[in-house]
Protein chains: 2
Amino acid sequence: MESRIERICVEKGLKMTGQRRVIARVLSEAIDHPDVEELYRRAAALDRRISIATVYRTVRLLEERGILERRDFGGGRARYEPTEHGRHYHLIDIDTGRVIEFEDREQERLMEQIAARLGFEPVSTRLEIYGRRRGTRAAPRPAAQDEETQAAEGLPR
Amino acid sequence: MESRIERICVEKGLKMTGQRRVIARVLSEAIDHPDVEELYRRAAALDRRISIATVYRTVRLLEERGILERRDFGGGRARYEPTEHGRHYHLIDIDTGRVIEFEDREQERLMEQIAARLGFEPVSTRLEIYGRRRGTRAAPRPAAQDEETQAAEGLPR
DNA sequence: ATATGTGCAAAATGTTTGCTGTACG
DNA sequence: CGTACAGCAAACATTTTGCACATAT
């Protein structure tokens with residue numbers, strides 16, 4: 001069956017190989033913000049004949065085509081999510097690495113206004129709040145290695 | 001003479017070596033958002049006895065102490081600027097890599113409100129608008145290599 | 001059929017670290 | 001003086017790439 005991202009790829013005239021189909025499916029089903037390593041892990045679980053180089057090449061291609069957006073929440077690895085034209089932003093819990101998404105029309109309006117004032121046309125925007133859960137003492141981070149990948153699971157979208 | 005950042009370091013009880021003094025001075029005088037490589041170049045121009053490892057160690061230390069903030073505007077390298085407690089945000093010209101700073105009390109207020117609504121205390125925030133100068137055709141990027149470093153010079157602060 | 005994509009392993013980046021000698025407080 | 005820092009080069013982590021082969025259109 002054709003995944004949402006695969007459909008978009010086809011519409012944009014991309015050549016769909018088996019590997020790309022699998023990666024597109026993984027991306028379509030992701031509710032978090034996986035990094036390339038994680039995408040590779042999920043894709044390889046569905047089809048072993050996928051190399052990490054292909055994942056890198058594919059996300060780069062899809063980003064160039066505007067299908068994906070690259071995010072960087074710190075931690076050295078790029079993370080990806082499907083482009084959504086109703087924009088949403090991120091709040092990152094600095095103690096756990098958990099990422100919470102939110103929307104805000106007001107922010108969006110303000111950003112457009114600011115860009116216009118400076119003579120620019122906004123193409124994409126980033127708004128991130130790094131914060132601590134209310135009433136939490138400044139705490140040592142719990143996990144470490146894949147804290148950001150793992151912590152972002154099962155979040156409301 | 002003691003640079004602004006050096007003074008802050010001393011206040012925070014950091015041991016000031018010759019190298020740190022030079023790096024602090026370079027940072028104090030920077031009006032752009034240099035990456036580590038660029039900081040190293042500027043520091044080495046003042047005093048040859050500085051290694052890039054020291055620059056990395058120093059910016060990391062200063063970031064941990066809240067004296068510097070790390071930014072990532074894409075392009076794979078971390079960039080640094082002195083922490084300013086009156087927050088400011090960035091608009092990045094996607095055609096040239098130029099970075100324009102701006103402030104907006106309204107945005108700040110909104111972000112605090114949103115964090116509060118989600119039960120969080122904001123610790124730091126990022127707001128970036130990637131945009132294109134009005135009336136510019138989607139253009140191929142001009143330079144390439146150090147476009148971001150070089151383009152950010154001479155901007156209003 | 002042909003242009004494009006893929007795997008693999010090697011290279012290129014950007015950043016961190018172990019070790020030994022040096023210098024600040 | 002002792003502890004923390006600096007230089008160097010090697011180690012690391014992530015991402016990109018050259019080349020020969022495979023595959024979609």
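Chain identifiers are assigned alphabetically (A, B, ...) following the order of the sequence lines, protein sequences preceding nucleic acid strands; residue numbering begins at 1 within each chain.
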**Q** Whole angstroms only, please: what is the CG-P distance between A:Leu61 and D:dT17?
**A** 14 Å
**Q** Sequence neighbours excluded, which residues qualify as side chain to side chain contact (heavy atoms under 4.5 Å, CB included) partners of B:Leu68?
**A** B:Leu27, B:Val59, B:Leu62, B:Tyr80
**Q** Can you tell me how far C1' of D:dA13 sits from OH of A:Tyr40, to the nearest Å?
**A** 16 Å
**Q** Taking side chain to side chain contact (heavy atoms under 4.5 Å, CB included) as the definition, give me every residue that meets it alongside A:Thr17, ordered by chain and number, with sequence neighbours left out.
**A** A:Gln19, A:Arg20
**Q** Rounded off to whole Å, could you give me the CD-to-P distance for the B:Gln19 and C:dT22 pair?
**A** 13 Å
**Q** I need the CZ-P distance between B:Arg20 and C:dC24, as an integer number of Å.
**A** 11 Å
**Q** My understanding is that only residues two or more places apart in sequence, or in another chain, count here; which of them pass salt bridge (charged side-chain N to carboxylate O under 4.0 Å, His left out) with B:Arg4?
**A** none
**Q** Could you give the side-chain donor-acceptor pairs of residues 116-128 of chain A under 3.5 Å, partners two or more places apart or in another chain?
**A**
{"residue": "A:Arg126", "atom": "NE", "partner": "B:Glu128", "partner atom": "OE1", "Å": "3.0"}
{"residue": "A:Arg126", "atom": "NH2", "partner": "B:Asp72", "partner atom": "O", "Å": "3.2"}
{"residue": "A:Arg126", "atom": "NH2", "partner": "B:Glu128", "partner atom": "OE1", "Å": "3.1"}
{"residue": "A:Glu128", "atom": "OE1", "partner": "A:Tyr130", "partner atom": "OH", "Å": "3.0"}
{"residue": "A:Glu128", "atom": "OE1", "partner": "B:Arg126", "partner atom": "NE", "Å": "3.1"}
{"residue": "A:Glu128", "atom": "OE1", "partner": "B:Arg126", "partner atom": "NH2", "Å": "3.2"}

**Q** Could you check whether B:Ile52 gets within reach of a base, just the sugar-phosphate, or nothing at all, counting any heavy atom under 4.0 Å?
**A** nothing
**Q** When you compare the protein's N or O atoms with those of nucleotides 20-25 of chain D, which come within less than 3.5 Å of each other, and at what distance?
**A**
{"residue": "D:dT25", "atom": "OP1", "partner": "A:Met16", "partner atom": "N", "Å": "3.2"}

**Q** So which protein nitrogen or oxygen atoms get under 3.5 Å of nucleotides 17-19 of chain C's nitrogens or oxygens?
**A**
{"residue": "C:dT17", "atom": "OP2", "partner": "B:Arg60", "partner atom": "NH2", "Å": "3.1"}
{"residue": "C:dG18", "atom": "O6", "partner": "B:Arg57", "partner atom": "NH1", "Å": "3.4"}

**Q** I'd like to check the salt bridge (charged side-chain N to carboxylate O under 4.0 Å, His left out) partners of A:Glu69; sequence neighbours left out, ordered by chain and number.
**A** A:Arg71
**Q** Grab the CD1-P distance between B:Ile50 and D:dC8 for me, whole Å please.
**A** 12 Å
**Q** Send over the distance from B:Arg48 CZ to D:dA6 P, rounded to a whole Å.
**A** 18 Å
**Q** Quantify the bending of the helix from C:dA1-D:dT25 to C:dG25-D:dC1 as the angle between its end axes, each fitted on five pairs, to 10°.
**A** 50°
**Q** Checking A:Arg48 now: which residues fulfil salt bridge (charged side-chain N to carboxylate O under 4.0 Å, His left out) with it, not counting sequence neighbours?
**A** none
**Q** Show me the pairs that pass salt bridge (charged side-chain N to carboxylate O under 4.0 Å, His left out) and involve residues 51-66 of chain A, at least two apart or across chains.
**A** A:Glu63-A:Arg70
**Q** Send over the distance from A:Arg77 CZ to C:dT15 C1', rounded to a whole Å.
**A** 14 Å
**Q** A side-chain contact here means heavy atoms from C-beta on lying under 4.5 Å apart; do B:Glu38 and B:Arg79 qualify?
**A** no
**Q** Which heavy atom in B:Ile50 sits nearest to a heavy atom in B:Tyr40, and how many Å separate them?
**A** O-CE1, 3.2 Å
**Q** Name all residues meeting the side chain to side chain contact (heavy atoms under 4.5 Å, CB included) criterion together with B:Glu2; count only those two or more places apart in sequence or in a different chain, and write none if there are none.
**A** B:Glu6, B:Arg7, B:Val10
**Q** Name all residues meeting the salt bridge (charged side-chain N to carboxylate O under 4.0 Å, His left out) criterion together with A:Glu106; count only those two or more places apart in sequence or in a different chain, and write none if there are none.
**A** A:Arg109
**Q** Could you state the atom-to-atom distance from CG of A:Asp72 to C1' of D:dA13 in whole Å?
**A** 14 Å
